[in-house]
> 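The following block contains the structure, expressed as structure tokens.
All of these numbers come straight from a predicted model, not from anything done at the bench. Below, each value reflects all heavy atoms present in this structure, side chains not excepted, and no hydrogens, waters or symmetry copies.
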Amino acid sequence: MANTGKNWGINGTFLCNQLTRHVHVYEKRLYEKMIEDKEGMLEVSRYIHLNPVEVKMVKKPEYSPWSSYYLFKNPQAVGLSYMKIDSILDYFNGTIEEKKEKYCQYNRCYSSPCFAVLF
């Protein structure tokens with residue numbers, strides 16, 4: 001019987017939890033939702049970058065070894081070829097460094113009024 005992604009996710013998570021006892025599952029179940037606008041895309045990006053902090057895997061998002069957040073935080077950082085942050089930075093105005101700072105500011109604010117100030 002073929003092992004589907006859903007089954008692997010459940011079984012793989014169970015196995016990792018049994019072996020390490022510190023793997024976190026971000027969502028109880030997977031779902032898909034269309035990202036329809038700039039705000040939606042930035043919310044998903046913020047969730048991805050800040051969730052390791054929320055579940056106490058790391059103290060700061062740039063400390064997560066599986067995250068691209070360090071590319072936003074460090075102006076001189078160079079990512080791997082598949083890490084494309086330009087599509088997120090294009091939502092902000094300014095130089096590359098200013099855009100990176102605005103993205104980091106966006107991630108520090110959790111309310112929608114903060115969102116409007118950054119653009």
> Let me confirm one number: the CG-CG distance from L50 to N107, rounded to the nearest 0.5 Å.
4.5 Å
> Can you confirm whether V58 sits close enough to W66 that some side-chain heavy atom of one is under 4.5 Å from a side-chain heavy atom of the other?
no
> Check this for me, if you would: do R108 and E101 make a salt bridge, where the nitrogen-to-carboxylate-oxygen distance has to be below 4.0 angstrom?
yes
> Which heavy atom of K60 sits nearest to which heavy atom of V53, and what is that distance?
C-CG2, 3.6 Å
> Please say which of E98, K99, K102 ends up in a side chain to side chain contact (heavy atoms under 4.5 Å, CB included) with N93.
K102
> Could you go step by step and tell me if S45 and Y106 meet the side-chain hydrogen bond (donor to acceptor under 3.5 Å, both in side chains) rule?
CA-CA 11 Å; S45 178; Y106 168 74; over 6 Å; no
> Do E39 and L42 have side-chain heavy atoms sitting under 4.5 Å apart?
no
> Hey, what do you get for CD1 (I96) to CD1 (I85), rounding to the nearest 0.5 Å?
7.5 Å
> If we only count heavy atoms from C-beta on, is the I88 to F72 side-chain gap below 4.5 Å?
yes
> Grab the two heavy atoms, one from S64 and one from P52, that are nearest each other, plus how far apart they are.
OG-CG, 4.1 Å
> Could you state the interatomic distance from NZ (K100) to OG1 (T95), rounded to the nearest 0.5 Å?
10.0 Å
> For residues 69-90, which residue pairs qualify under side chain to side chain donor-acceptor pair (under 3.5 Å), counting only residues two or more places apart or in two chains?
none
> For S68, enumerate each residue passing the side-chain hydrogen bond (donor to acceptor under 3.5 Å, both in side chains) test, keeping only those at least two apart in sequence or located in another chain.
H49
> Quick check on the hydrophobic clustering: are M83 and V78 connected, directly or via other members, by side-chain heavy-atom contacts under 4.5 Å?
no
